[in-house]
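If you're wondering where the values come from, they're calculated on a predicted model, not measured in any experiment. Reminder, nothing fancy here: chain letters follow the sequence lines and each chain counts from 1.
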Amino acid sequence: MAEQAAAQTAEQPGKKPILPVFKLEPKPHLVGVKCSACGAVFLDTKRLACSKCGATGPFQEVQLSDKGKVWVFSVIHQSFPGVKTPYVTAIIDLPEGVSVKSNLVDVDPLELQKNPGKAFGMPVELVANVVAKDRQGNEVVAFQFRPSAN
Amino acid sequence: MRNVYVLGTGMIRFGRYPDKSVPELGAEAALIALKDAGVMIKDVEMFACGNLYQANAMVGQRILQQVGQTGIPVINVSNACATGSTAFREAYLAVASGMYDVTMAIGVEQMGKQGLLGGGGGGSDPAYSTEGRVGSGLMPAVFGQAGVEHMRKYGTTLEHFAKISVKSHKHATKNPFSQYQNEVTLEDVLNARVVAFPNTLYMCCPTGDGAAAAILVSEDKLKQFAAGRKRARVAASVLTSDPYTDRDLTLPDVNTLTRRAAQKAYETAGIGPKDVSLTELHDCFATAELVHYENLALCGDGEAGKFIDEGGGKHPDLGGKSPVNVSGGLLSKGHPLGATGVANICEVVWHVTGDERAKARQVPNAKVGMAHVIGLGSACTIHLLTV
Ligand SMILES: [Zn+2]
């Protein structure tokens with residue numbers, strides 16, 4: 001017990017990404033893997049094979065752009081306890097040919113419901129937001145998107 | 001493959017049965033189907049049981065422990081919302097292949113008051129749960145976005161989605177098997193609270209309990225048992241999974257696998273969408289029903305809005321055409337997950353055979369019926385039944 005406690009205190013709490021595809025250093029970005037046979041890009045850190053063409057690789061790790069465009073969205077009014085509603089969930093198309101799902105922040109959800117067309121093709125950029133604290137005291141960081149100039 | 005017929009069907013009203021067990025619900029449907037078929041459990045040679053929430057608990061065998069332990073092969077099927085229809089297909093294949101002459105399929109589920117919020121998650125530390133932090137992966141979000149995608153592509157409006165809910169609720173008033181049998185107005189639907197845009201409360205199916213069963217037979221056994229009664233033939237039984245499409249891994253693509261299944265079903269049966277007298281399709285949300293009008297080729301691409309405005313999907317008695325979900329659909333009839341796929345086959349069978357149980361909502365001159373189900377993740381089944 002004493003050793004365990006010592007090991008835990010030795011590691012200072014810091015920031016941890018919510019999912020392995022999200023890297024915080026040197027600056028927050030998403031990673032994907034690219035199939036060398038067909039060029040399909042997956043939001044993933046590793047794959048056994050490509051679900052588009054079936055090739056078993058090799059797969060090349062690629063850094064994904066922090067800018068994209070909104071494909072579609074929904075405004076969620078009912079969720080698990082602890083999830084603040086309403087919020088916007090959106091599908092973001094990245095220039096690498098892969099799409100990402102996340103919260104669209106810094107927008108008015110009810111305004112988007114009135115004018116859904118405003119979201120279609122909206123340029124957005126990745127933003128790293130702390131969303132929780134884990135049992136070890138680390139801040140859990142999520143990738144989300146907000147409107148951007150282009 | 002041999003011809004396969006639906007000799008008997010059974011269904012209990014969808015609703016809430018907190019005092020009954022899952023095997024009891026399934027056994028009730030089984031006994032109705034056996035009686036309707038005019039056979040005994042000892043005549044059944046194989047049984048496929050669809051259930052989702054107790055998929056690890058041998059529901060099929062427990063049903064036989066209630067209605068007759070004859071020692072036959074039983075398989076327990078789980079395939080998301082397509083669970084019941086996949087069980088039906090297994091029972092169909094068992095006869096079509098020539099292996100068995102009399103088989104049974106049951107779909108059964110008990111959900112209680114649990115909402116449609118299943119399927120989220122995260123690691124063991126809830127701090128890493130992604131739901132609501134990196135978007136939503138829950139059903140309401142997926143089908144909300146499927147609707148928004150249609151709005152983006154074709155200018156579909158909220159009224160179009162709302163009209164589907166009004167229509168299905170109206171249909172349900174004629175179905176004693178439906179969980180809800182009340183009408184709603186367009187204003188009721190549009191003014192109800194939003195669950196996940198654009199779906200409001202009345203555009204989302206309720207959860208509940210239910211069971212449905214079918215007895216399938218070969219042509220020889222049909223002659224032996226049907227005794228001149230009108231029985232439906234399975235003209236097509238198709239199952240697809242989601243093929244690779246651009247955004248499928250981020251936003252499940254509910255369209256492509258349905259289109260492929262429909263095309264295969266029409267080809268197999270040698271008919272086209274114009275020949276379909278009625279369709280029971282998977283309207284877990286109003287937005288789902290709208291996109292499936294096009295996916296099942298009931299109208300052209302981008303024409304679902306126009307189709308609705310012109311009475312498409314409505315019962316002919318209400319002045320409609322190409323009737324869809326005359327049972328009330330999942331929106332009103334209810335959606336006990338594993339039961340749904342067998343229940344919508346029952347509905348279609350009742351119309352094409354002129355069964356007493358669909359009398360109040362009988363589609364005139366129904367010759368061919370289509371039953372479509374989609375389970376997210378994804379699985380799609382389409383059955384065409386004809387006389
Ligand atoms: Zn590939």
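- Of the atoms belonging to A:Tyr87, it is side-chain heavy atoms, and not backbone ones, that fall under 4.5 Å from chain B.
- More than 12 heavy atoms of other shown residues, nucleotides or ligands fall within 6.0 angstrom of atom CZ in A:Arg47.
- Only one option out of A:Leu19, A:Val140, A:Val131 pairs with B:Tyr128 in a side chain to side chain contact (heavy atoms under 4.5 Å, CB included); it is A:Val140.
- Environment of CD in B:Gln54: crowded, with over 12 heavy atoms of neighbouring residues, nucleotides or ligands closer than 6.0 Å.
- You'll find the side chain of B:Val148 reaches within 4.5 Å of the side chain of A:Phe120, heavy atoms only.
- In this structure, the side chain of B:Arg152 engages the main chain of A:Trp71 through a donor-acceptor pair within 3.5 Å.
- Using a 4.5 Å cut-off between non-hydrogen atoms, the part of residues 189-199 of chain B that approaches chain A consists of B:Arg193, B:Val194, B:Val195, B:Ala196, B:Phe197.
- Looking only at heavy-atom pairs under 4.5 Å with chain A, the residue among B:Ala127, B:Ala146, B:Gly135 that has the most is B:Gly135.
- Using a 4.5 Å heavy-atom threshold, the side chains of A:Gln78 and B:Cys204 count as separate.
- A donor-acceptor pair under 3.5 Å is formed between the side chain of A:Thr89 and the backbone N or O of B:Ser136.
- Counting heavy atoms from C-beta on, the side chains of A:Ile18 and B:Arg133 come closer than 4.5 Å.
- Heavy atoms of other residues, nucleotides or ligands lying less than 6.0 angstrom from NZ of A:Lys67 number more than 12.
- With rounding to the nearest 0.5 angstrom, the NZ atom of A:Lys52 is 10.0 Å from the OG1 atom of B:Thr245.
- When atom types are taken as modelled, the side chain of A:Asn103 and the backbone of B:Gly132 share a donor-acceptor pair closer than 3.5 angstrom.
- No side-chain donor-acceptor contact under 3.5 Å links B:Glu131 to the backbone of A:Phe80.
- No donor-acceptor pair under 3.5 Å is formed between the side chain of A:Asp134 and the backbone N or O of B:Asp125.
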Practice problem: For side-chain contact (heavy atoms from CB on, under 4.5 Å), just list the numbers for B:Arg247 and A:Ile91, CA-CA rounded to whole Å, side-chain angles, deciding distance to a tenth of an Å, and then say yes or no. | Solution: CA-CA 9 Å; B:Arg247 299 184 188 87; A:Ile91 304 298; 4.0 Å; yes

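- Side-chain atoms of B:Thr250 come within 3.5 Å of backbone atoms of A:Ser99 as a donor-acceptor pair (strictly under, hydrogens ignored).
- Using a 4.5 Å heavy-atom threshold, the side chains of B:Leu249 and A:Leu43 count as separate.
- Residue contact with chain B, scored on non-hydrogen atoms closer than 4.5 Å, involves the side chain of A:Gln144 exclusively.
- The residue among A:Thr85, A:Asp93, A:Leu104, A:Val105 with the most heavy atom pairs within less than 4.5 Å of chain B is A:Asp93.
- For OH of B:Tyr293, the number of neighbouring non-hydrogen atoms (other residues, nucleotides, ligands) closer than 6.0 Å is greater than 12.
- Rounded to the nearest 0.5 Å, atoms OG1 (B:Thr130) and CZ (A:Phe143) are 8.0 Å apart.
- Looking at A:Val100, the atoms closer than 4.5 Å to chain B (heavy atoms on both sides) all sit in the backbone: N, CA, C or O.
- Within a 6.0 Å radius of NZ in B:Lys163, other residues, nucleotides and ligands contribute more than 12 heavy atoms.
- Shown here is A:Lys69, whose NZ atom has no more than 12 heavy atoms of other residues, nucleotides or ligands within 6.0 Å.
- For the pair A:Ser74 and B:Gly144, the tightest heavy-atom approach, listed with the atom from each and the gap, is OG-CA, 4.2 Å.
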